[in-house]
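Heads up: numbering here begins at 1 and tracks the sequence.
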Amino acid sequence: MSASRITYANWFKVECVRRYLKGEPARRIFREAGLEPSLIGSKRIERCVSRWKSDGSIMGEVAKEKTEDLDDEKSNIDGGFQSQDPAGKIQHRQCGVHGYWGQ
């Protein structure tokens, strides 16, 4: 931080955009990081988030983290089925919905 410029760490930019895209207000994210909106300015915060959302490298990191989160969730789900079915009797298969209309 200098007298005329604030420089944000890349990890903060990525975390901020990730949380913002999940629906958290930008002001709250900054406040929780110890950056009071009353000092920085609400408009400046919104412009930062907007600029970071337009940055391909930041959005790439956000997408990468999202993919890793989905992989973790999938392994937890698969692990859950395996732990509930130690004999391997549950088969994973696609199911169709059959109704009374022409089927």
Side-chain angles (χ1 to χ4, degrees):
M1 191 178 205
S2 71
S4 62
R5 180 171 290 234
I6 301 171
T7 304
Y8 300 96
N10 196 58
W11 68 265
F12 176 75
K13 295 176 188 179
V14 172
E15 181 67 10
C16 186
V17 170
R18 184 186 65 76
R19 289 173 57 184
Y20 182 82
L21 293 175
K22 285 186 173 183
E24 286 189 58
R27 291 177 58 150
R28 181 190 312 157
I29 298 165
F30 272 69
R31 185 176 293 116
E32 288 176 1
L35 304 166
E36 278 300 319
S38 59
L39 296 174
I40 297 172
S42 295
K43 191 67 175 174
R44 183 171 288 155
I45 290 172
E46 292 300 325
R47 282 189 299 224
C48 284
V49 174
S50 178
R51 186 172 59 249
W52 298 338
K53 288 189 322 183
S54 300
D55 185 316
S57 65
I58 292 172
M59 290 304 293
E61 285 294 316
V62 170
K64 180 181 167 188
E65 286 184 10
K66 187 173 183 177
T67 301
E68 289 169 356
D69 290 346
L70 289 174
D71 288 344
D72 289 345
E73 288 177 20
K74 183 182 180 303
S75 68
N76 288 339
I77 290 170
D78 290 345
F81 280 124
Q82 290 169 358
S83 64
Q84 293 173 12
D85 183 31
K89 294 180 181 175
I90 297 175
Q91 295 179 4
H92 297 275
R93 57 183 152 156
Q94 264 187 327
C95 298
V97 177
H98 300 285
Y100 296 106
W101 303 279
Q103 293 185 8

Subject >> Smallest separation among heavy atoms of Arg31 and Pro37, with atom names >> reply: NH2-CG, 3.7 Å
**OP:** Locate the shortest heavy-atom distance separating Arg27 from Ile45; write the atom from each residue and the value.
**Re:** N-CG2, 4.3 Å
Subject >> Nearest-0.5 Å distance, CZ of residue Arg51 to OH of residue Tyr8 >> reply: 8.0 Å
Subject >> Salt-bridge criterion met for Glu15 and Arg18 (N-O under 4.0 Å) >> reply: yes
**OP:** State, yes or no, whether a side-chain contact exists between Ile58 and Asn10 at a heavy-atom distance under 4.5 Å.
**Re:** yes
**OP:** Report whether Phe12 and Leu39 are members of the same hydrophobic cluster (ILVMFWY, side-chain heavy atoms less than 4.5 Å apart, transitive linking).
**Re:** no
Original post:
Taking the six-membered ring for Trp, are the ring centroids of Tyr20 and Trp52 within less than 6.0 Å of each other?
Top reply: no
Original post:
Is Asp55 close to Glu61 at the side-chain level, that is, under 4.5 Å between some pair of heavy atoms?
Top reply: no
Subject >> Closest non-hydrogen atom pair between Cys16 and Val49, with its separation >> reply: SG-CG2, 3.8 Å
**OP:** First locate atom CD1 of Ile40, then atom CZ of Arg47, and finally report the distance between them rounded to the nearest 0.5 Å.
**Re:** 12.0 Å
Subject >> Spacing of Ile29 atom CD1 and Cys48 atom SG [to the nearest 0.5 Å] >> reply: 12.0 Å
